[in-house]
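Just so it is clear, the values below take in all heavy atoms, side chains as well, and ignore hydrogens, waters and symmetry mates.
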Amino acid sequence: MSDQIDKIYDFQKIEKQWQDIWDKEGFFLAKDQSEKEKFYCLEMFPYPSGRIHMGHVRNYVIGDVIARYKILRGFNVLHPMGWDAFGLPAENAAIKHGIEPSKWTYENISSMRVQLKKLGLSYDWTREFATCDLQYYSLEQKLFLKMLDKNLVYRKKSLVNWCPECETVLANEQVETGSCWRCDSEVVFKEMNGWFFRITNYAQELLDDIKTLQGGWPDRVLSMQKNWIGRSEGVELDFPVEREEGKFIRVFTTRQDTLFGATFISLAPEHPLCLELASSNGRYDEVNEFVKRILREDRIARTSEDIEKEGVFTGAYASNPLNGRKMPVYVANFVLMEYGTGAVMAVPTHDQRDFEFASKYNLELVVVIQPDGEILEPSSMECAHEGHGTMVNSGTFSGLDNETAKIRIAEYLEEKKIGKRTVNFKLKDWGISRQRYWGAPIPVVYCDTCGMVPLKEKDLPVVLPEIEKLTVIGRSPLADISEFVEISCPCCGGVARRDTDTLDTFVESSWYFLRYACPDEKEPVNYEKVSYWLPVDQYIGGIEHAVMHLLYARFFTKVLRDLDLIKLDEPFKKLLTQGMVCKENPATGRSEKMSKSKGNVVDPDKLLEKYGTDTVRLFCLFAAPPEKDLEWSDDGVEGAFRFLKRLWKKVVSSPGKISNVSCEEISFNDLSGIDKDLYRKTDWAIKKVTEDIEDSYHFNTAISAVMELVNQIYHSDKEDCNNIVLQRAIRTVLVLISPFAPHIAEELWKFIGAEESIL
């Protein structure tokens, strides 16, 4: 037993002391090979904003409990930390404060590192890196070139999502209900050249492999990814535009059985033919005004069943390839470009949206599927019949049930070379070009003679140049730096220009988890080390990344596998999506997610100073299960602090009862009364805490079990219980509480006579 210990719980002294010991003795350094079973625990790395918030605290403490638990169970644990350091916040801060983004970023990293270390987190800091480190993004440029060589990257001109506030392009996944995911500004469409990853090449595999994640990932996340990928089987066919020789409107449909009932065409406002057809038919102004108005509206809301269906006639007509029917071509507000081809064959009798649209604009209705035992008349229909039935008014296919007709019509279309069976995905290729400065430069050049030319690996890295003063100009500021832009063509040696866009910051976060396995290697990844450490056994982060980071990371993993750089199909074995930290908004009286703008933020530094790390950790873990929102409670923090003081008091005030006591087991059958009760409660606590962590991460009930054992210790000690049973109970409490409140556990462990760390 330690000879001296303060009677008062001096958490500041204890916590600093043990953090220094863990750091000095390298307790959390992961070994790349070990006879122990490996366990890779990872929380989504933070953007270095300069200050950690309570959401950070909760997220990282959850991961720390899991990592410490696995260490105690004898695993070789990898628990790293780094920084997602490129992106708009640093650039915007640089513009606002007149400071270089790199200086702002690295100063923030230093500040946040200090804050995180105060939490006593079990990180292997030797593996730390920031994605804006030259070493990291130069290796990312190498990966870009490898992907370009395999035709997994391409450049094209297209309509893109443009955020006027951030002055940059956004991927589809970064548009949330029509607004920018970062600043909430309304997103508009803009035609630009840009780079794309062929994520659609992996759409089917990304969908199929969802089944391998079931049981390890939340069902909600898997459902979101499945819906976002959006696989559907159908046919693709062309509708000739009348009076426009050689011009067709390509349509994808899953309801080829209703083709004979198609009476008009609906185009998405984003469709490139909208204005072209309107212009050639003298309706440009009317159509253009409609298109501009609809494109300002929320795209998700446009697909709602409740939205009023609106449209405008382009003046053009298309011909139904099966029956020659003349079909007016409309632009419709409820059609989106990212679904299918952006053009819909409208069958108002068998699609409710088309029915509402046709009713509003007095368009033709033709019934082609009669439900069993019923005869539908277009003039008396109050809604579309979208179910099964028998084919009518469909030429040689009349009389068939509609499911059989689907197959026969698809075969007929292919036989006559009118259309083809195909699979369509809602998922679109990932636009990765960003018109901002603070990102990884794209390693290609443009030559008037040779065209687009990728750099050779030996010419990497393309170093991001320093800029003294940044401004937002709606295009990459790199274009104004002649010493950066001007370069000799790697092919012909002539004058060439660098690409001045930078990569989407989500590219960096799509492979960082692989780099932690080999942070000092000269290649992007080390095959053997990645094979040892990956997949990540437990990944922790917010559900808001379900169809962005989490989908991109899965895609990148499969790409690197196919480049023969790694042997891995999926990056994350288990996923935990933690809830938000909420507190009452003083302006509304409602509990809302903590935010400076809502005036309900709690400063972690002030909490740590007043109560200590272990108290803050304990409250965050005890107040709610990790997947649920945590409701902030000042009383709850006080309660956690009181419990730790109570535990401290019990151990340090009982030296005579727990000193010089043999640690050997005592037979349960030899005990009786209060001793047997304490022995039994100790065993129950071990089982309860182990199961709650191992099976469900219900840390709140695990902590509750430790509290119950402490209560039993107090009760038993009053009754003068057996000292061996008492010491056994106290040792158990300290081990069980150590993942949650590690500093006090270590100090009391030392006090009761242990010569080594509780770990």
Using side-chain heavy atoms (C-beta onward) and a distance below 4.5 Å, is [X] in contact with [Y]?
X      : Y      : value
Leu207 : Gln204 : yes
Glu91  : Arg436 : yes
Thr131 : Tyr137 : no
Lys426 : Ser232 : no
Met147 : Leu563 : yes
Val616 : Pro604 : no
Lys428 : Phe196 : no
Ile566 : Ser531 : no

Establish, for the pair Lys36 and Phe75, whether the NZ or CZ atom is under 6.0 angstrom from the six-membered ring centre and no further than 45 degrees off its axis.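 No, Lys36 and Phe75 do not form such a contact.
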Is the side chain of [X] donor-acceptor paired with the backbone N or O of [Y] at a distance under 3.5 Å, no angle test?
X      : Y      : value
Asp209 : Leu206 : no
Ser138 : Leu134 : yes
Asp133 : Gln135 : no
His56  : His53  : yes
Arg198 : Asp429 : no

Rounded to the nearest 0.5 Å, what separates atom [atom1] in [X] from atom [atom2] in [Y]?
X      : Y      : atom1 : atom2 : answer
Phe39  : Asp537 : CZ    : CG    : 5.0 Å
Ile540 : Glu43  : CD1   : CD    : 5.0 Å
Ser34  : Leu78  : OG    : CG    : 12.5 Å
Trp632 : Met594 : CH2   : CE    : 5.5 Å
His743 : Ile21  : NE2   : CD1   : 10.5 Å
Leu568 : Trp533 : CG    : CH2   : 15.0 Å

Ring centers of [X], [Y] separated by less than 6.0 Å:
X      : Y      : answer
Trp125 : His79  : no
Tyr552 : Trp511 : no
Phe513 : Phe45  : no
Trp83  : Phe129 : no
His549 : Tyr539 : yes

Could you work out, with side-chain hydrogen bond (donor to acceptor under 3.5 Å, both in side chains) as the rule, every residue matching Asp501, not counting sequence neighbours?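 With neighbours one apart ignored, the set is Gln435.
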Just by distance, no angles: are the side chains of [X] and [Y] close enough, under 3.5 Å, to form a donor-acceptor pair?
X      : Y      : answer
Asn76  : Tyr532 : yes
Asn161 : Gln174 : no
Asp184 : Ser179 : no
Thr254 : Glu233 : no
Gln19  : Asp23  : no
Asp692 : His698 : no
Asp84  : Ser509 : no

Taking the basic N atoms (NZ, or NE/NH1/NH2) and the acidic carboxylate oxygens, is any pair closer than 4.0 Å for [X] and [Y]?
X      : Y      : result
Asp562 : Lys150 : no
Arg561 : Glu205 : yes
Arg127 : Asp520 : no
Glu521 : Arg515 : no
Asp629 : Lys593 : no
Arg554 : Glu570 : yes
Glu627 : Arg220 : no
Asp149 : Lys146 : no
Arg73  : Glu694 : yes

Begin with the C-alpha distance, continue with both residues' side-chain angles, and end with the deciding distance and a verdict on side chain to side chain contact (heavy atoms under 4.5 Å, CB included) for Thr502 and Trp438. CA-CA 8 Å; Thr502 53; Trp438 190 236; over 6 Å; no
Taking everything shown except Lys573 itself, do over 12 heavy atoms lie less than 6.0 Å from its NZ? no
Report the residue from Ile432, Val153, Leu503 that forms a side chain to side chain contact (heavy atoms under 4.5 Å, CB included) with Ile442. Leu503
Look at the rings of Phe740 and Phe699 and say which category their plane angle falls in: under 30° parallel, 30 to 60° tilted, over 60° perpendicular. perpendicular
I'd like to know whether Phe144 forms a ring pair (Phe, Tyr, Trp, His ring centres under 6.0 Å) with Trp195, so could you lay out the CA-CA distance, the side-chain angles of the two residues, the decisive distance to 0.1 Å, and finally the verdict. CA-CA 11 Å; Phe144 179 94; Trp195 287 96; 5.5 Å; yes
